[in-house]
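Note on naming: letters A, B, ... go to the chains in the order of the sequence lines (proteins, then strands), and numbering restarts at 1 for each one. Below, each value reflects all heavy atoms present in this structure, side chains not excepted, and no hydrogens, waters or symmetry copies.
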Number of protein chains: 2
Amino acid sequence: MGPMKAPRPQPTRSELSLLRVLWRLGPSTVRAIHDELSREREVGYTTVLKLLQIMTEKGLCARDESRRSHVYRALAGEDETQRQLLGDLLDRAFEGSSKKLVMQALAAQPASKEELAEIRQLLDELSRGEK
Amino acid sequence: MGPMKAPRPQPTRSELSLLRVLWRLGPSTVRAIHDELSREREVGYTTVLKLLQIMTEKGLCARDESRRSHVYRALAGEDETQRQLLGDLLDRAFEGSSKKLVMQALAAQPASKEELAEIRQLLDELSRGEK
DNA sequence: GCATAAGTGCGAAGGCCTTCGTAGATGGGT
DNA sequence: ACCCATCTACGAAGGCCTTCGCACTTATGC
């Protein structure tokens with residue numbers, strides 16, 4: 001048995017909002033991240049900085065200190081994070097039934113016809129694999 | 001415009017775990033809820049009591065005090081709560097795209113063939129309405 | 001070179017969540 | 001009537017999250 005590596009912790013609410021910015025912009029300075037985030041909500045510069053430092057400690061992102069303005073990049077992937085959050089919600093609120101979850105999601109937030117078609121296609125692939 | 005009635009707050013992690021018990025058991029005493037919850041994790045009796053009191057204040061449940069042992073019942077419905085949680089996650093992590101959410105959910109937590117069929121059926125209904 | 005702007009690090013306040021101990025009230029059995 | 005088990009109420013501790021002010025450092029422009 002090798003050493004157990006700590007799984008990436010689940011991002012908190014505000015950490016996730018920073019991750020979303022990072023996913024959108026790619027590696028960025030605090031300044032850039034702050035500016036981008038400020039477009040959707042008011043937030044202090046040092047708040048963003050502090051959060052990024054915490055996220056770096058937790059392994060959610062990494063930073064390049066070679067320049068004076070450090071450059072942060074996400075370590076947590078978007079898909080990985082989404083699946084992590086979904087898995088958690090699945091356990092907490094849907095007794096692990098992804099069918100229930102999917103049906104509630106579709107019922108609550110109707111998707112467009114095109115999107116429904118894409119989902120159907122995925123469904124087909126899954127059924128085939130499942131056969 | 002009538003008076004704005006406060007929307008039901010989103011249940012916290014542990015509130016949700018109590019709601020799940022209430023949904024399963026129906027109206028119950030603290031004792032019964034505690035016993036049931038104890039089957040899955042260790043928790044103090046007064047912890048459950050306190051949480052139920054808080055939930056009552058928040059409007060997540062209501063209690064009948066006509067007997068000495070108060071009887072609690074959920075006010076937040078299961079479907080309603082699930083949709084609320086999904087909606088929140090949708091905003092926070094999926095940029096509001098239910099398609100992305102559904103596809104990640106299906107990819108991450110494969111459902112059985114039967115379940116996939118049920119989902120497909122729902123999809124058909126939605127497509128029809130969407131036409 | 002010096003003032004100013006921009007950047008990082010530190011620490012701490014305040015809020016919410018979770019948990020539970022303890023006190024006091026109430027009912028049941030003998 | 002009394003004792004014990006059961007119940008509710010209250011408060012508070014501790015943890016994590018979020019936010020930011022302040023001090024210090026480092027580049028930039030005149």
Side-chain angles (χ1 to χ4, degrees), chain A residues 6-22 27-38 40-73 76 81 85 88-89 92-93, chain B residues 6-22 27-38 40-73 76 81 85 88-89 92-93:
Chain A
R8 219 185 290 289
Q10 202 169 60
T12 66
R13 210 160 245 278
S14 57
E15 284 166 358
L16 181 58
S17 73
L18 282 203
L19 279 177
R20 283 197 292 143
V21 170
L22 281 175
S28 312
T29 61
V30 179
R31 175 65 53 194
I33 296 167
H34 172 256
D35 287 353
E36 177 70 13
L37 189 58
S38 295
E40 49 186 83
R41 66 188 175 90
E42 193 176 334
V43 58
Y45 177 88
T46 58
T47 301
V48 174
L49 171 62
K50 178 66 160 187
L51 217 20
L52 285 167
Q53 289 168 345
I54 292 172
M55 289 167 71
T56 302
E57 273 179 22
K58 291 188 183 177
L60 292 173
C61 56
R63 72 173 165 191
D64 172 1
E65 311 184 4
S66 63
R67 310 218 197 159
R68 181 158 109 92
S69 302
H70 299 172
V71 173
Y72 290 84
R73 71 175 202 278
T81 301
L85 293 168
D88 180 55
L89 187 59
R92 289 191 298 122
Chain B
R8 219 186 291 290
Q10 200 170 61
T12 65
R13 209 160 248 276
S14 56
E15 283 166 358
L16 182 57
S17 73
L18 282 203
L19 279 177
R20 284 197 294 143
V21 170
L22 281 175
S28 312
T29 61
V30 180
R31 175 63 55 193
I33 296 167
H34 172 255
D35 287 354
E36 178 70 12
L37 190 58
S38 296
E40 51 186 82
R41 66 187 176 93
E42 194 176 332
V43 58
Y45 177 87
T46 58
T47 300
V48 173
L49 171 62
K50 178 66 160 184
L51 216 21
L52 285 167
Q53 289 168 344
I54 291 172
M55 289 167 71
T56 302
E57 273 178 22
K58 291 189 184 176
L60 292 173
C61 57
R63 72 174 167 191
D64 172 0
E65 310 184 4
S66 63
R67 310 214 196 163
R68 181 158 109 91
S69 302
H70 299 171
V71 173
Y72 289 84
R73 71 174 203 281
T81 302
L85 293 168
D88 180 56
L89 187 60
R92 289 191 298 123

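- Partners of B:D35 under the side-chain contact (heavy atoms from CB on, under 4.5 Å) rule, at least two apart in sequence or in another chain, are B:R31.
- D:dA9 atom C1' lies 14 Å from atom CG of B:L52, rounded to whole Å.
- Atom CE of A:M55 and atom P of D:dT19 are 13 Å apart (whole Å).
- The 5' end of DNA chain D is approached more closely, in terms of each residue's nearest nucleotide, by B:Y45 than by the other of A:V43 and B:Y45.
- In this structure, B:L22 and B:L52 approach most closely via the heavy-atom pair CD1-CD2, 4.5 Å.
- Applying the 4.0 Å criterion to OP1 and OP2 of D:dT8, one finds that B:R31 has every side-chain N and O outside that range.
- Looking at residues two or more places apart in sequence or on another chain, you find a side-chain contact (heavy atoms from CB on, under 4.5 Å) between B:E65 and B:R63, B:H70.
- In this structure, A:T47 reaches the bases: a heavy-atom distance under 4.0 Å links it to at least one base atom across the strands shown.
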At a cut-off of 3.5 Å, list every protein nitrogen or oxygen paired with a nitrogen or oxygen from nucleotides 23-30 of chain D, distance to 0.1 Å.
| residue | atom | partner | partner atom | Å |
| --- | --- | --- | --- | --- |
| D:dT26 | O2 | A:R68 | NH2 | 3.4 |

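- Regarding contacts with the backbone of C:dA6, every side-chain N or O of A:R67 stays at 4.0 angstrom or more from both OP1 and OP2.
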Write down the protein N/O and nucleotide N/O pairs, taken from nucleotides 12-17 of chain C, whose separation is under 3.5 Å; answer none if there are no such pairs.
none

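- Applying the side-chain contact (heavy atoms from CB on, under 4.5 Å) rule to A:A76 yields the partners A:R8, A:L19, A:L60, A:T81; only residues at least two apart in sequence or on another chain are considered.
- For residues 53-62 of chain B, the set of pairs meeting the side chain to side chain donor-acceptor pair (under 3.5 Å) definition, not counting sequence neighbours, comprises B:E15-B:K58.
- In this structure, B:H34 places its NE2 atom 11 Å from P of C:dT19, rounding to the nearest Å.
- Nearest nucleotide to the side chain of B:Q53, out of C:dG7, C:dG9, D:dT8: D:dT8.
- Residues satisfying the salt bridge (charged side-chain N to carboxylate O under 4.0 Å, His left out) test with B:R92, not counting sequence neighbours, are B:D88.
- Here C:dA6 presents its P atom at 17 Å from NE2 of A:H70, a figure rounded to the nearest Å.
- Residues passing the side chain to side chain donor-acceptor pair (under 3.5 Å) test with A:T47, sequence neighbours excluded: none.
- Around atom CD of A:E42, no more than 12 heavy atoms belonging to other residues, nucleotides or ligands sit under 6.0 Å away.
- Per the geometry, CZ belonging to A:R63 stands 8 Å off P belonging to C:dT8, to the nearest Å.
- Residue B:R41 places at least one side-chain N or O under 4.0 Å from the OP1 or OP2 atom of C:dT19.
- For A:R41, the side-chain contact (heavy atoms from CB on, under 4.5 Å) partners two or more places apart in sequence, or in a different chain, are A:S14, A:S17, A:L37, A:V43.
- The nearest whole Å value for the distance from the CG atom in B:L51 to the P atom in C:dC20 is 11 Å.
- Across the protein-nucleic acid pair, B:L49 atom CG and C:dA23 atom C1' stand 14 Å apart, rounded to whole Å.
- To the nearest angstrom, P of C:dT19 lies 10 Å from CD1 of B:I54.
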